[in-house]
Amino acid sequence: MKNTSIHSTLGLFILSCAALVFAGCGPSGDSSSSSGGSSSSAAPAAETPGAVSQTIELTANDQMKFNLERFAVKVGSTVKIHLKNVGSMPKMSMGHNVVVLKQGTDEKAFVEAAIQAPANDYIPQAQEDAVIAHTKMLGGGEDDSVTFKVPSKKGNYTFLCSFPGHFQVGMKGTMIVN
Ligand SMILES: [Cu+2]
């Protein structure tokens with residue numbers, strides 16, 4: 001609290017060491033931080049989502065179709081989308097993901113930019129701000145889940161597959177937030 005003027009990495013290092021020594025001495029005044037790990041050097045997560053209140057089971061197939069055209073979720077809740085590629089074709093030729101976009105996103109521009117981003121799983125870096133959530137790109141038989149916080153604004157949000165050409169043949173749907 002008193003060393004607020006220290007902003008250098010050296011300062012952080014000293015603080016870290018102080019924290020270690022402090023922990024070593026073991027004055028158990030603060031029982032709220034019970035990180036049981038022996039050497040947990042990982043920084044705390046930026047935002048811990050709440051408990052998952054709903055899991056959406058999505059499938060995608062070799063016919064470039066999702067099983068759902070729409071699904072509904074509650075405002076501000078934490079939900080999980082589980083996507084399984086139930087097809088058999090490889091990721092290179094028939095990959096599928098699910099990308100949930102913010103309202104107002106130009107979907108056509110998004111998927112056109114995605115074509116240029118195979119190395120980023122067809123998520124265009126310049127438009128990552130438009131993405132609420134997305135899974136990995138999946139080949140036949142693979143699956144992936146993504147957990148995210150539903151926006152606080154009611155309305156319709158588009159989800160789509162950003163593999164080249166798939167949005168254009170209808171690989172998209174609506175996430176209804178209510
Ligand atoms: Cu697809």
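The analysis underlying the following values was restricted to heavy atoms, covering all of them including side chains, and did not include hydrogens, waters or symmetry mates. Ligands are counted one by one from 1 in listed order, and the atoms in each one are counted from 1 as well.
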In short, salt bridge (Lys or Arg N to Asp or Glu O under 4.0 Å) pairs touching residues 93-114 with sequence neighbours left out are K108-E112

Residues passing the salt bridge (Lys or Arg N to Asp or Glu O under 4.0 Å) test with E128, sequence neighbours excluded, are none

Atom CD1 in I132, atom CD1 in I81: separation rounded to 0.5 Å?
9.5 Å

Determine, using ring centers only, whether F66 and F159 are less than 6.0 Å apart.
yes

Residues two or more places apart in sequence or in another chain: which of them pass side chain to side chain donor-acceptor pair (under 3.5 Å) with D143?
H82

Within-2.8 Å protein N/O/S contacts of the Cu ion (ligand 1):
H96 ND1, C161 SG, H166 ND1, M171 SD

Without swapping roles, check the side chain of T59 against the backbone of K84 for a donor-acceptor pair under 3.5 Å.
no

